[in-house]
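These numbers were taken from a predicted model, which means no experiment stands behind them. Below, each value reflects all heavy atoms present in this structure, side chains not excepted, and no hydrogens, waters or symmetry copies.
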Protein chains: 2
Amino acid sequence: MHGNHQHAHCIEEAITTANRICDERGLRFTDLRRRVLELIWENHGSAKAYDLLENLGGDYSAKPPTVYRTLDFLQENGLVHKINSLNAYVGCSHPLKHKDCFFLICSACNEVEECCGSSVAEALRSMASEQNFRPDHTTLEIEGRCVDCLKASQ
Amino acid sequence: MHGNHQHAHCIEEAITTANRICDERGLRFTDLRRRVLELIWENHGSAKAYDLLENLGGDYSAKPPTVYRTLDFLQENGLVHKINSLNAYVGCSHPLKHKDCFFLICSACNEVEECCGSSVAEALRSMASEQNFRPDHTTLEIEGRCVDCLKASQ
DNA sequence: TCTATAATGTTATATTATTACATAACCGCA
DNA sequence: TGCGGTTATGTAATAATATAACATTATAGA
């Protein structure tokens, strides 16, 4: 994720996908929602609610409920995730296909990578079933160093 | 965990263990620290910082820093864990042996069970190594229904 | 155009947590 | 025993995160 990539493309893709999903569901992808999603996607890190608030500026007389409602909408529709351990929000890198996802959070560059499926989900499922626990929602956030930052620090 | 168990024993054991750990480390298990740990262990749910604050009462003129500092101490020494998805704190059910633990949180009875080791930890390790990610700390919190609440709702 | 609904604005406040500095308790040692 | 450094706690102020309740505006469909 580090280094040069045409990040404008990431943003554009996220917006296009969001647009499509809202269309399919008969939901309105309003200016405000688009703007907040763009801000969240400004980089591959996580965004804090009050920073989004500040950066809305302009036409948007942004008060907290404005941004929290928008975040709720985006979360409900799988377009962003909340990172509980950071009280921050990241764009979902593959809406609609994000069951059992988890997050690798680099404490050096602050980038957050969303991961899905894999053997981790399977291990969680079988653990829960052994315990006779019926999971509704899983928070799995792993903080550490990403490969690029590990390389860079050598 | 539900139903009848001599919970006083849980509290007592937690306090005794904490005492021993502090002794071994040359740390002071002060009245305040003991009192906060007791309050956290008052049940098998999680405790909110400001509730602890209220319940300290008495001799302790409790202001927020008092309780947050105490929680920090208890966390640093593995005696309590923070549940990020709840902004709440639980007693550690096996201090010193709590690497790679995770939490099953019942949304019906609010009890939190701490689980350790197992294949989940292994799956996480191998996933991280595949991604060349070096984990420092993992937040794994699973919210759902525990076996007793599932039974009870049938 | 009218109307119902959804979205956003606005004010106030709740909840969670930290900073910074003052005081007190404790521990080792002269 | 008392001195002095360190650790722990007290206190005031405020920062950071989030929600409740109600007013207004925009939108889509009849």
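- Under 4.0 angstrom from either OP1 or OP2 of D:dA18 there lies at least one side-chain N or O belonging to A:Y89.
- With distances taken from any side-chain atom of B:R28 to the nucleotides C:dT5, C:dC27, C:dT16, the minimum falls on C:dC27.
- Taking the side chain of B:R69 as heavy atoms from C-beta on, and the options C:dC26, D:dT17, C:dA20, the nearest nucleotide is C:dA20.
- Look at CG on B:L86: it is 13 Å from C1' on C:dT16, rounded to the nearest Å.
- Closest non-hydrogen pair, A:P95 versus A:G78, comes out as CB-O, 3.6 Å.
- The CG-C1' distance, from B:D72 to C:dA17, rounds to 10 Å in whole Å.
- Picking from C:dT5, C:dT11, D:dA12 the nucleotide with the shortest atom distance to the side chain of B:K63 gives D:dA12.
- Between B:R34 and B:D31 there is a salt bridge, since at least one side-chain N of the basic residue sits less than 4.0 Å from a carboxylate O of the acidic one.
- Residue A:D51 contributes atom CG, which lies 10 Å from atom P of D:dA16 at whole-angstrom precision.
- OP1 or OP2 of C:dT8 has not a single side-chain nitrogen or oxygen of A:T66 nearer than 4.0 Å.
- Closest approach of B:A123 to A:V120, counting heavy atoms only: O-CG2, 3.7 Å.
- Counting to the nearest Å, the C1' atom of C:dT5 and the CZ atom of A:F73 are 15 Å from each other.
- Heavy-atom distances to DNA chain C give each of A:P65 and A:L27 a nearest nucleotide, and the one nearer the 5′ end belongs to A:L27.
- Closest to the side chain of A:K48, from the set D:dT17, C:dT18, D:dA18, is D:dT17.
- Distance, B:L32 CG to D:dG10 P: 6 Å, rounded to whole Å.
- At a threshold of 4.0 angstrom between heavy atoms, the contacts of B:F29 with the nucleic acid are absent.
- In this entry the distance linking CG of B:L71 with P of C:dT18 reads 10 Å, nearest Å.
- Between the side chain of B:Y50 and the base of C:dA17, a donor-acceptor pair under 3.5 Å is found.
- For the OP1/OP2 pair of D:dT9 and a distance below 4.0 Å, the side-chain nitrogens and oxygens of B:T30 include at least one atom meeting the criterion.
- Taking each heavy atom of B:H44 and B:C10 in turn, the nearest pair found is NE2-SG, 3.6 Å.
- Of the two residues contacting DNA chain D, namely A:P64 and B:R33, the nearest-nucleotide position lying further toward the 5' end is that of B:R33.
- Neither OP1 nor OP2 of C:dT16 sits under 4.0 Å from any side-chain N or O of A:N87.
- Here the closest non-hydrogen pair linking A:I105 and A:S85 is CD1-OG, 4.0 Å.
- The separation between A:N84 atom CG and D:dT17 atom P is 13 Å, rounded to whole Å.
- The separation between A:E54 atom CD and D:dA16 atom C1' is 12 Å, rounded to whole Å.
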